[in-house]
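A, B, ... follow the sequence lines: proteins, then strands. Residue 1 opens every chain.
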Amino acid sequence: MGKETEFVKEIASKEKDFSQWYVDVVRKAELADYTPIKGCMVIKPYGYSLWENMQAGLDKRIKETGHQNAYFPLFIPESLLKREAEHVEGFAPEVAWVTQGGSQKLEERMAVRPTSEAIICSLYSKWVKSWRDLPILLNQWANIVRWEKVTRLFLRTTEFLWQEGHTVHRTAEEAEEETLKILFEVYQDFIEKELAIPVIIGRKTEKEKFAGALHTYTLEALMTDGKVLQAGTSHNLGQNFAKAFNIKYLDEDQQEKYVWQTSWGTTTRLIGALVMVHGDERGLKLPPRVAPIQVIIVPIMFDKTKKEVLEKAEEIKAILKTNFRVEIDARDEYTPGWKFNAWELKGVPLRLEIGPKDLSQGQVVLVRRDSGEKITVKEERLGETVEEWLDKIQENLRAKAKEFLEENIREVSDYNEFKVVIEEKKGLIKAYWCGKGDCEEKIKEETKASIRCIPFEPGENSGTGRCIYCGKESSTLVYFARAY
RNA sequence: CGGGGCGUAGCGCAGCUUGGUUAGCGCGCUUGGUUCGGGACCAAGAGGUCGGAGGUUCAAAUCCUCUCGCCCCGACCA
């Protein structure tokens, strides 16, 4: 590896200092940077372009499953936020308050939304009268503010971007069905297919669920440092908010009933996941489906042939542009080698080199970011080859991540072994749990590992075992890990 | 919010212990020229409220107090 790493002068070693590597990649790849405001980052054009591609993939799925976008206010009056007791208690420590408008002190202070259940439910109570008004299936793309004590680029910032869905249903079954539909058809499908990140799916424990929800489903992704990141959540709110906000409808049977609700969200945090799942010593590695630039053309410009090479590069760009996101790096002041490294750091999936030798032979050179594999392609086969290779890269990234995930799930039945594994190997541990919050808490205190989720698959694990902590007989097998 | 570390040119750092005239180095940047298939080279230049505020002193990047920010490890979270 020695010689390989010599190329990377700008970022810390992923092997030796993962945290610093992460920060370096985010900044040097120009995804984001710090700002004069504590805990708030700027998402730079390259990073924002990535986010836009991610938004498009999510938005498409959200709409395909019958939802519409809307936009609700940034501010939430304190009285509304306080309606649902568990909810306000959960968010209280991290709410930012507006107490003054201009020179006037406000009669009632307003929260800058830490999430929008309260404001949206207050409107739903106005909108819902009859069973014919249901369901309501809305999503909003918005910014959120949570006054976090410790922040990290993309992973935890004071202000962040997300989408939050808020739905209202007639029956409990319908709400549960919605919660699961979002989990699988929207989130899992998007994260695995577009981001090439495999996820572990399941239900959160009481301790870990959303404040105010009946229960929370989650998608957990494993980062290459062995810690997991919650990639998305889908909550079945039951009737908690319906009762707090008085959302009732008159049913066909002439009975007045409370509605059943869900909410669900994913955030710009997914960008952090992308970095930490696929990145390597040389920087970012972006899945082609969401990469802002899928093909970067680097012309090899000798004095005598510069003009012809550039013309050909433009011609190729024009052809590829109909199907792919492609750019030319024709900057005079950098050598090809420098450009190769720079675009690798930025994670561009495919590099296309074209020089005088290629010109004379009607070919170009293609190089994969994920494997380093290099081939020459005849010009007439370029379009199909690029398409094929982008697909292969997407699939390879997914397969690599999947392999890493599977290698790092370990079933453990002895608590001492648990401690050793979590400390030395990290990753996910599958173990039986008695269901008591006490055991969950003790394990977290002693090992820093939390229960990430209770997986769905009871079928194949219908056996029983002993709680990893107290030894009590249990049929609940759960995933533990240290998390971001 | 507790423990630790850091803050000096765009980036990475030296100088601080033991205060002293003009604050250095590498990369980057500007100009000119030669280059270009894996981070090119030569020459000449530009660039600093030493994170901020206050204090000690004839004199502060250096000593003292306060403060802001970032990173790491904990408690909290998407």
Side-chain angles (χ1 to χ4, degrees), chain A residues 3-12 17-24 27-28 33-41 90-95 114-115 144-164 204 207-211 216 218-221 228-235 263-273 282 298-306 309 329-345 351-359 363-365 367 372 374 376 441 444-445 448 450 482-484:
Chain A
K3 201 180 174 188
E4 289 279 296
T5 53
E6 275 175 31
F7 288 114
V8 188
K9 296 169 180 164
E10 312 209 349
I11 55 180
D17 191 349
F18 190 86
S19 295
Q20 192 57 48
W21 169 86
Y22 173 78
V23 172
D24 286 347
R27 299 183 69 191
K28 299 285 161 66
D33 204 353
Y34 296 111
T35 65
I37 304 100
K38 178 183 163 68
C40 292
M41 64 176 196
F91 282 100
E94 44 190 353
V95 172
T115 180
I144 288 296
V145 168
R146 293 185 189 173
W147 221 259
E148 300 287 352
K149 284 162 186 154
V150 180
T151 58
R152 303 188 68 186
L153 294 170
F154 286 116
L155 302 177
R156 195 187 303 119
T157 46
T158 302
E159 181 187 9
F160 59 93
L161 304 183
W162 79 351
Q163 71 49 225
E164 52 179 323
K204 284 291 189 190
K207 187 171 176 285
E208 301 275 337
K209 74 170 193 189
F210 177 74
T216 290
T218 179
L219 305 97
E220 304 280 328
V228 305
L229 183 83
Q230 184 172 300
T233 48
S234 181
H235 317 292
S263 71
W264 27 275
T266 54
T267 78
T268 35
R269 194 181 215 193
L270 283 172
I271 295 174
R282 315 182 109 191
V298 179
I300 311 299
M301 300 183 288
F302 295 91
D303 263 359
K304 286 179 191 160
T305 49
K306 184 173 168 181
V309 167
D329 186 351
R331 289 177 293 180
D332 235 353
E333 63 272 27
Y334 294 110
T335 61
W338 191 94
K339 292 175 186 175
F340 297 167
N341 286 290
W343 291 109
E344 277 166 11
L345 173 52
R351 179 173 77 240
L352 191 158
E353 298 171 26
I354 177 156
K357 283 181 230 161
D358 305 308
L359 215 58
Q363 66 181 31
V364 299
V365 174
V367 184
K374 188 184 238 184
T376 55
E441 204 136 340
K444 183 152 189 201
E445 269 172 36
K448 296 172 212 156
S450 53
R482 288 184 181 167
Y484 274 97

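- Residue contacts for A/Glu208: at a heavy-atom cut-off of 4.0 Å it reaches no nucleic acid atom on any strand shown.
- With a 4.5 Å cut-off on side-chain heavy atoms, A/Gln230 and A/Thr216 do not count as touching.
- At a threshold of 4.5 Å between non-hydrogen side-chain atoms, the residues A/Glu208 and A/Ser450 count as touching.
- Nucleotides B/C25 and B/A14 are separated by 7 Å at their C1' atoms, to the nearest Å.
- Of the side-chain N and O atoms in A/Lys149, none sit less than 4.0 angstrom from OP1 or OP2 of B/C77.
- Residue side chain A/Glu344 reaches the base of B/G38 through a donor-acceptor N/O pair under 3.5 Å, judged by distance alone.
- Heavy atoms of A/Arg331 sit nowhere under 4.0 angstrom from any nucleic acid atom.
- The shortest distance between the side-chain N/O atoms of A/Lys448 and the OP1/OP2 oxygens of B/G74 is below 4.0 Å.
- Of the candidates B/G37, B/C77, B/C29, the closest approach to any side-chain atom of A/Ile300 belongs to B/G37.
- The nucleotide B/A44 finds its pairing partner in B/U30, both defining distances of the Watson-Crick or G-U wobble pair being shorter than 3.5 Å.
- The nucleotide B/G7 finds its pairing partner in B/C68, both defining distances of the Watson-Crick or G-U wobble pair being shorter than 3.5 Å.
- For A/Pro356, the listed nucleotide lying nearest its side chain is B/G37; candidates were B/C71, B/G38, B/G37.
- Remark: B/C36 base-pairs with no nucleotide in the shown strands. Criterion, Watson-Crick or G-U wobble with two distances under 3.5 Å.
- Regarding contacts with the backbone of B/C77, every side-chain N or O of A/Tyr484 stays at 4.0 angstrom or more from both OP1 and OP2.
- Ion pair A/Lys339/A/Glu333 not flagged as a salt bridge, since none of the NZ, NE, NH1 or NH2 atoms sits closer than 4.0 Å to an Asp/Glu carboxylate oxygen.
- Around CH2 of A/Trp162, the count of heavy atoms belonging to other residues, nucleotides or ligands within 6.0 Å exceeds 12.
- In this structure the side chain of A/Glu164 reaches within 4.5 angstrom of the side chain of A/Ile144, judged on heavy atoms.
- OP1 or OP2 of B/C36 has not a single side-chain nitrogen or oxygen of A/Thr335 nearer than 4.0 Å.
- Between A/Arg282 and B/G39, a side-chain N or O to OP1/OP2 separation shorter than 4.0 Å is absent.
- Residue A/Arg146 places its side chain closer to B/C77 than to any other of B/C77, B/G39, B/C72.
- Pair assignment for B/G74 gives B/C1, based on Watson-Crick or G-U wobble hydrogen-bonding distances that are each under 3.5 Å.
- Looking at the side chain of A/Val365, the nearest of the listed nucleotides B/C71, B/G37, B/C36 is B/G37.
- When the nucleotides B/C36, B/C76, B/G38 are ranked by their closest atom to the side chain of A/Phe340, B/G38 comes out on top.
- Applying the 3.5 Å distance criterion, the base of B/G38 shares a donor-acceptor pair with the side chain of A/Arg351.
- Within the nucleic acid shown, A/Ile144 has no heavy atom closer than 4.0 Å to any nucleic acid atom.
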Show which side-chain atoms of residues 149-157 of chain A pair as donor or acceptor with protein atoms under 3.5 Å away, not counting sequence neighbours.
unit_1: A/Arg156; atom_1: NH1; unit_2: A/Val150; atom_2: O; d: 3.2
unit_1: A/Thr157; atom_1: OG1; unit_2: A/Glu159; atom_2: O; d: 2.8

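- Nucleotides B/A9 and B/G52 place their P atoms 10 Å apart, quoted to the nearest Å.
- B/C76 and B/U17: their P atoms are spaced 42 Å apart (whole Å).
- Using a 4.0 Å heavy-atom distance criterion, A/Tyr34 is classed as a sugar-phosphate-only contact.
- The A/Glu353 side chain lies nearest to B/G37 when the options are B/C29, B/G37, B/G69.
- A/Trp147 has its side chain out of reach of A/Val95: every pair of non-hydrogen atoms, C-beta onward, lies at least 4.5 Å apart.
- Nucleotides B/C66 and B/G28 have their P atoms positioned 42 Å apart, rounded to a whole Å.
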Which donor-acceptor pairs under 3.5 Å do the side chains of residues 351-359 of chain A make with protein atoms, sequence neighbours left out?
unit_1: A/Arg351; atom_1: NE; unit_2: A/Glu353; atom_2: OE2; d: 3.0
unit_1: A/Arg351; atom_1: NH1; unit_2: A/Glu344; atom_2: OE2; d: 3.1
unit_1: A/Arg351; atom_1: NH2; unit_2: A/Glu353; atom_2: OE2; d: 2.9
unit_1: A/Asp358; atom_1: OD1; unit_2: A/Gln363; atom_2: NE2; d: 3.2
unit_1: A/Asp358; atom_1: OD2; unit_2: A/Gly355; atom_2: N; d: 2.9

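- Residue A/Asp358 is in base contact, counting any heavy-atom pair closer than 4.0 Å across all strands shown.
- The residue A/Thr157 sits close to a base: some heavy atom pair falls under 4.0 Å.
- Remark: B/G12 base-pairs with B/C25. Criterion, Watson-Crick or G-U wobble with two distances under 3.5 Å.
- Across all strands, A/Ser19 comes closer than 4.0 Å only to sugar-phosphate atoms, never to a base (heavy-atom distances).
- As judged by a 4.0 angstrom heavy-atom cut-off over every strand, A/Gln230 is placed among residues touching the sugar-phosphate backbone only.
- Looking at heavy-atom distances under 4.0 Å, A/Gly39 makes contact with sugar-phosphate atoms alone, never a base.
- Across every strand in view, B/U62 sits unpaired, with no contact that passes the Watson-Crick or G-U test at under 3.5 angstrom.
- At a threshold of 4.0 angstrom between heavy atoms, the contacts of A/Glu94 are confined to the sugar-phosphate backbone, with no base atom among them.
- Of the listed nucleotides (B/C70, B/U35, B/C76), B/C76 has the atom at the smallest distance from the side chain of A/Arg156.
- The separation of B/G4 from B/C77, taken at their C1' atoms, amounts to 23 Å, rounded to a whole angstrom.
- Nucleotides B/G26 and B/G45 are separated by 15 Å at their P atoms, to the nearest Å.
- Residue A/Pro336 is in base contact, counting any heavy-atom pair closer than 4.0 Å across all strands shown.
- Using a 4.0 Å heavy-atom distance criterion, A/Val150 is classed as a base contact.
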